[in-house]
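Below is one structure, written out as structure tokens, with a few remarks after it.
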Amino acid sequence: MTKPVPNHLVADADAGGGGLIVTGPNPHLSWRLPAGWTHQDGYTLAVRIDGVDQPEAAADSPRHRFVDWPWRPLTSGETVHWRVRAHRADERSDWSQWHTFEAGLLAPDWSAAWVSPVEPDDAAGTSNRPAYLLGGAFAARAGVVRARLYATALGVYEVFVNGHRVGDTQLAPGSTSFDKTLYAQAHDLAPYLVEGRNTVEVLLSDGWYRGRTGTWRTPARWGTRTGARLEAHLQHDDGTRTVVGTGPGWTSRRSSITHADLMDGQVTDLERGPGEPAPVVIDAVQAPPVDWSPAPPARVVETRRPRSITATPSGATVVDFGQNASGWVRLADLGPAGTRTVIDHGEHLGPDGDLDTSHLDSVRPGEEPIPFVQRDEVVSSGTPGEVFEPRHTVHGFRYARLTRDDGGAVGLDPAAITMQVVHTDLPDAGSFECSDPDLNRLHEAARWSFRGNAVDVPTDCPTRERLGWTGDYQIFVSTAVRLFDVDGFSRKWLRSVRDDQLPDGRIVNSSPDPNHLQAHPDPMVDHITGSAGWGDAIVHVPWVLYETYGDHVVLRESWDAMVRWVEFALGAAASARHPSRVERSGEPLPHERYLWDGTFHWGEWSEPKTRSADGALVSALGSDPRAWFMADKGEVGTAYLHRSLRELADIAGVLGKDDDARHYRDLADQVRDAWRTEFLGADGRVSADTQAAYVRALTFGLVPDDLRPAVAGHLVARVHDAGDHLATGFLSTADLLPALADAGHADVAYAVLLQRTYPSWLGMLDRGATTIWEDWDGIDDDGQANASLNHYSKGAVVRFLHTHTLGLRQAPGSVAWESFDVAPVLGGGLTWARGTFDGPQGRIAVEWRMADGVFRLEVDVPPGSIATLRLPDGGSVHAGPGRHAAECVAPAPQVPAVS
């Protein structure tokens with residue numbers, strides 16, 4: 001039987017509050033093939049739209065992922081039931097089960113007005129703004145058979161109908177580039193309705209729209225006034241419809257939330273209660289037409305109980321939840337009326353056992369630090385059963401410190417406090433486990449680190465910055481797809497990347513761009529915008545989504561932006577030269593037009609610190625930031641230009657743009673040749689002579705085949721020079737172990753992976769990490785914290801555990817896991833590993849183990865896929881759908897070589 005794929009069914013669906021799958025007018029359909037099938041030759045689709053059968057749609061095509069909608073465009077609110085059967089030669093599968101989704105309220109059909117709170121005249125200039133309650137009412141007569149609530153806001157909002165919170169979506173409508181994209185949410189309203197008068201309240205705060213952002217806590221520049229827009233659509237049993245929405249007659253009043261900011265925290269005075277109502281301000285905001293998000297919403301995905309509760313000498317109470325994560329604290333014990341409880345959040349405890357957030361302070365040379373604060377406060381009204389849950393902020397933390405003006409935080413009942421883990425509700429996609437418990441812990445730390453940074457967009461950290469840095473996700477996306485289904489999540493973020501792209505084609509450093517560089521030019525920010533490895537995310541991320549999910553739609557969506565970015569980079573390479581090359585030759589050498597060296601690049605960034613003569617760790621940036629800024633980073637820029645050109649050529653081929661494919665492939669070859677001329681010696685030595693340069697050379701296909709062994713040898717030598725430690729930085733650490741293993745040096749790769757001394761992944765775990773740190777010395781020798789303790793980029797190492805330790809990789813040229821290899825790379829003393837991957841074809845399961853002199857490999861191949869099982873003795877087995885096993889004599893034991 002064919003099987004619709006819920007998480008891929010509608011590529012632009014919102015599985016938002018109430019469990020509704022909501023789409024725009026032209027969804028895309030995907031399904032998995034029947035058991036035992038390796039392919040299909042065609043398909044037949046059947047659909048009912050609002051209960052009316054439409055003509056079946058059939059095609060002779062092998063495509064079963066992201067199939068274009070073959071019927072008329074959907075209109076607002078239509079409900080779709082669809083099913084599919086696959087064809088193979090003369091064979092027809094059984095029909096799949098029916099699957100259901102619906103169209104949202106489409107942009108032209110919104111009739112409600114935008115309503116905004118009444119604020120003081122100086123509200124736009126202050127940073128301590130309250131949340132507001134916007135209220136209205138409507139009548140519902142008997143006989144409602146279907147009820148939908150459509151809602152959106154400029155700000156963060158919650159909706160309450162008759163006092164009940166609607167849905168489980170958090171932090172709606174999410175983070176976007178609000179000048180161009182705004183998503184709405186849909187909810188089933190029926191469970192909240194009563195016959196007669198129904199009250200509606202919208203709790204509205206600044207959110208990502210105008211709240212504080214980034215390292216320096218500057219206000220977002222999307223707008224100066226918040227607003228909300230809601231419509232309720234009621235369908236009655238007599239066929240009539242009632243539509244009500246925000247507009248005249250609605251009121252505005254201050255809520256009991258006296259301050260709400262996503263970064264700083266939320267202050268709630270339950271004793272004070274809401275203010276006096278006044279008429280709302282009508283249509284005072286400018287907003288783009290609403291759309292429907294391809295991503296799942298943010299939700300409370302887990303609740304964690306305290307691991308420990310301790311009192312500090314100062315009289316505060318510190319709660320350890322045992323895991324660094326994103327979310328907030330839910331507190332049920334608020335004390336007598338008038339009691340103020342202050343909750344500070346952080347990642348680290350100082351030597352005295354008290355919360356320490358000083359490592360997250362923001363520091364500019366010559367200026368006073370900006371103290372890092374994540375603080376919620378609540379004043380109790382004394383009402384029995386009162387609970388504080390601050391849903392208009394979000395924090396990155398493991399520890400919460402509670403203080404009370406009545407001292408009641410001491411002796412806190414553990415049952416009264418929980419951590420609510422909040423992030424985008426991403427479906428799990430991959431699992432991994434092996435015989436080394438430390439590697440299992442590392443895998444979990446990387447998963448948690450990404451989870452904590454997947455709060456609606458992929459951020460660098462959930463604390464100090466919370467920005468959607470393009471470089472971070474470009475690095476991690478190939479790992480993210482092995483851990484979670486991130487297709488819709490990534491497509492949503494990519495829309496902001498495209499929205500923020502500058503007129504000259506540059507991609508801004510982080511998206512959504514709260515600085516709104518398009519509208520608010522800033523010479524300093526402008527100068528550091530357009531870096532290789534960061535802007536290349538617009539090409540690389542869509543390509544990874546296509547390879548993983550077969551998502552050709554994201555390639556079409558991003559094509560123009562990709563071309564504009566690559567053409568900017570080509571222009572920069574041709575027109576700007578690094579001073580060192582100008583000094584070498586007044587006139588550019590012929591190959592220099594393809595060297596991208598004369599504009600700003602972040603470069604390798606964040607390489608491990610080195611030891612000074614006295615043993616202190618010294619930043620790789622050195623004591624002269626200007627020297628770092630001016631250093632020649634042409635090797636990095638040119639390498640990334642080559643990779644993006646090569647990927648762009650492949651993308652053009654997928655999209656049927658054959659002339660573009662030839663054009664960009666030729667340019668990729670010329671850039672590769674220029675890289676070789678400038679940076680590669682005849683002996684395989686790269687001029688930079690760093691681990692990172694050799695990793696890039698091998699991974700990006702820059703090296704001639706006959707020189708690859710020599711280049712790999714130089715990489716191994718640099719690793720040995722570092723005492724079998726990594727010395728790579730931000731851009732190349734993820735590829736270090738695969739580059740070593742693929743070049744035949746798996747023993748060196750495992751030696752680096754299993755190191756416990758600085759810099760190392762297991763060293764983080766030894767010092768208590770439950771997420772991946774920004775710096776290798778996140779907790780130093782003295783127990784002091786440095787930088788962010790939840791920065792997922794270095795966690796990309798766990799991709800190696802899936803692709804090499806487990807051995808599960810797509811076959812070269814494969815798309816959407818139609819063919820894959822299972823070739824475990826043994827080492828590190830491991831005796832077994834197992835894992836799964838829930839891909840677009842279905843679940844792949846792999847397990848291998850060595851026991852009693854025998855190596856045994858078992859693999860489950862899903863329908864639609866073929867696999868090759870490769871054994872350590874060189875033997876192989878070709879396998880179609882089903883369970884397969886193969887074995888051979890076990891190789892000699894692998895002893896981990898760790899200094």
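Side chains included, hydrogens not; waters and symmetry mates left out as well; all remaining heavy atoms used. In this chain, residues are counted from 1 in sequence order. Predicted model, so just to flag it, every value in this text is computed and none were measured.
Scanning all heavy atoms of the two residues, the minimum distance from P462 to Q374 falls at O-OE1, 3.7 Å. The shortest heavy-atom contact between T529 and V508 is CG2-CA, 3.7 Å. Y792 and T459 get closest at one heavy-atom pair: CE2-O, 2.8 Å. Closest non-hydrogen pair, Q323 versus T771, comes out as NE2-CG2, 3.8 Å. Nearest heavy atoms, L762 versus L753: CG-O, 3.9 Å. Contact detail for G701 and R646: the closest heavy-atom pair is N-NH1, 4.1 Å.
Without hydrogens or angle criteria, S175 side chain to W208 main chain gives no donor-acceptor distance under 3.5 Å. With hydrogens and angles disregarded, no donor-acceptor distance shorter than 3.5 Å links the side chain of Q420 to the backbone of G327. The closest donor-acceptor contact from the side chain of S30 to the backbone of F66 lies under 3.5 Å. Put simply, the side chain of S814 never gets that close to the backbone of Q810: no donor and acceptor are under 3.5 Å apart. In this structure a side-chain-to-backbone donor-acceptor pair under 3.5 Å is present from N440 to C434. Without hydrogens or angle criteria, R491 side chain to D487 main chain gives no donor-acceptor distance under 3.5 Å. A donor-acceptor pair is defined here as one N or O able to donate and one able to accept, closer than 3.5 Å; such a pair exists between the side chain of T699 and the backbone of V695. The backbone N or O of R299 lies less than 3.5 Å from no partner atom in the side chain of Q170, so there is not a single donor-acceptor pair. Listed for the T424 side chain is no donor-acceptor partner under 3.5 Å among the backbone atoms of L426. E347 contributes a side-chain N or O that, together with a main-chain N or O of L789, makes up a donor-acceptor pair within less than 3.5 Å.
The shortest side-chain heavy-atom distance between V67 and H28 does not fall under the 4.5 Å cut-off. In this structure, L442 and V797 have side chains that are in contact, with non-hydrogen atoms separated by less than 4.5 Å. Taking 4.5 Å as the limit, some side-chain heavy atom of L731 sits within range of a side-chain heavy atom of V636. Between R441 and L439 the shortest side-chain heavy-atom distance does not fall below 4.5 Å. Residues R32 and P862 are not in side-chain contact: their nearest non-hydrogen atoms beyond the backbone lie 4.5 Å or more apart. F820 has its side chain within reach of S865: a pair of non-hydrogen atoms, C-beta onward, lies under 4.5 Å apart. A 4.5 Å side-chain heavy-atom check between L74 and F101 finds at least one atom pair inside the cut-off. Residues H392 and V156 are in side-chain contact: their nearest non-hydrogen atoms beyond the backbone lie under 4.5 Å apart.
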Applying salt bridge (Lys or Arg N to Asp or Glu O under 4.0 Å) to D500 and K180, what does each step give before you reach the verdict? CA-CA 9 Å; D500 296 335; K180 295 184 177 67; 6.0 Å; no
Audit row: T213, R466, side-chain hydrogen bond (donor to acceptor under 3.5 Å, both in side chains) steps and yes/no: CA-CA 8 Å; T213 65; R466 306 189 191 181; over 6 Å; no
Take R564 and Q501, measure what side-chain hydrogen bond (donor to acceptor under 3.5 Å, both in side chains) needs, and give me the verdict at the end. CA-CA 9 Å; R564 291 173 58 209; Q501 188 172 22; 3.1 Å; yes
As a quick check of understanding, evaluate side chain to side chain contact (heavy atoms under 4.5 Å, CB included) for Q518 and L502, giving each step before the final call. CA-CA 6 Å; Q518 283 181 351; L502 300 179; 3.9 Å; yes
Could you walk me through whether S732 and E604 pass the side-chain hydrogen bond (donor to acceptor under 3.5 Å, both in side chains) test, one step at a time? CA-CA 7 Å; S732 58; E604 187 58 24; 2.5 Å; yes
Between D168 and V300, does a side chain to side chain contact (heavy atoms under 4.5 Å, CB included) hold up when you go through it step by step? CA-CA 8 Å; D168 59 2; V300 175; over 6 Å; no
With side chain to side chain contact (heavy atoms under 4.5 Å, CB included) as the criterion, how do L655 and R556 come out once you've worked through the C-alpha distance, each side chain's angles and the decisive distance to 0.1 Å? CA-CA 7 Å; L655 298 179; R556 294 203 305 257; 3.5 Å; yes
Quick one: do F484 and F489 satisfy ring-ring contact (aromatic ring centres under 6.0 Å, His included)? Show the steps, please. CA-CA 10 Å; F484 302 97; F489 172 79; 9.3 Å; no
Intermediate values then yes/no, side chain to side chain contact (heavy atoms under 4.5 Å, CB included), H802 and R809: CA-CA 8 Å; H802 288 263; R809 287 190 268 182; over 6 Å; no
Using the rule given for side-chain hydrogen bond (donor to acceptor under 3.5 Å, both in side chains), can you reason through T836 versus S431, listing the C-alpha separation, both sets of side-chain angles and the distance that settles it, and then say yes or no? CA-CA 5 Å; T836 59; S431 66; 2.6 Å; yes
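Rounded to the nearest 0.5 angstrom, R391 CZ and T169 OG1 are separated by 12.0 Å. A distance of 11.0 Å separates CD in E444 from OG1 in T770, rounded to the nearest 0.5 Å. A distance of 10.5 Å separates OG1 of T548 from CH2 of W543, quoted to the nearest 0.5 Å. Taking CG of N790 as the reference point, atom OG of S326 lies at 8.0 Å (rounded to 0.5 Å). In this structure, the separation between NE2 on H552 and CG on L545 is 13.0 Å, given to the nearest 0.5 Å. Here CD1 of I475 is found 5.5 Å from OG of S793. Values are rounded to the nearest 0.5 Å.
Residues T181 and T176 have side chains that never bring a donor and an acceptor to within less than 3.5 angstrom of each other.
In this pair, H64 and W31 present their aromatic rings tilted. The plane angle is within the 30 to 60° band. Ring pair F800/H804 is parallel by interplanar angle, where below 30° counts as parallel and above 60° as perpendicular. Using cut-offs of 30° and 60° for the angle between ring planes, the W565 and F568 rings count as tilted. A tilted orientation is assigned to the rings of H443 and F432, their planes being inclined by 30° to 60°.
Between F730 and W469, the ring center distance fails the sub-6.0 Å criterion. With ring centers used as reference points, W222 lies under 6.0 Å from H516. Between Y473 and W493, the distance from one ring center to the other falls under 6.0 angstrom.
Salt bridge D428/R843: absent, no basic N to carboxylate O contact under 4.0 Å. In this structure, D291 pairs ionically with R495, as a charged nitrogen and a carboxylate oxygen lie closer than 4.0 Å. Between R799 and D735 there is a salt bridge, since a side-chain N of the basic residue sits under 4.0 Å from a carboxylate O of the acidic one. Between D456 and K492, at least one side-chain nitrogen of the basic residue sits less than 4.0 Å from a carboxylate oxygen of the acidic one, meeting the salt-bridge criterion.
Under a cutoff of 6.0 Å and an axis angle of 45°, R451 and W448 form a cation-pi pair. A cation-pi contact, defined as under 6.0 Å to the ring centre and within 45° of the axis, links K794 to W776. Cation-pi geometry between R482 and F837 is met: the NZ or CZ atom falls under 6.0 Å from the ring centre, inside 45° of the normal.
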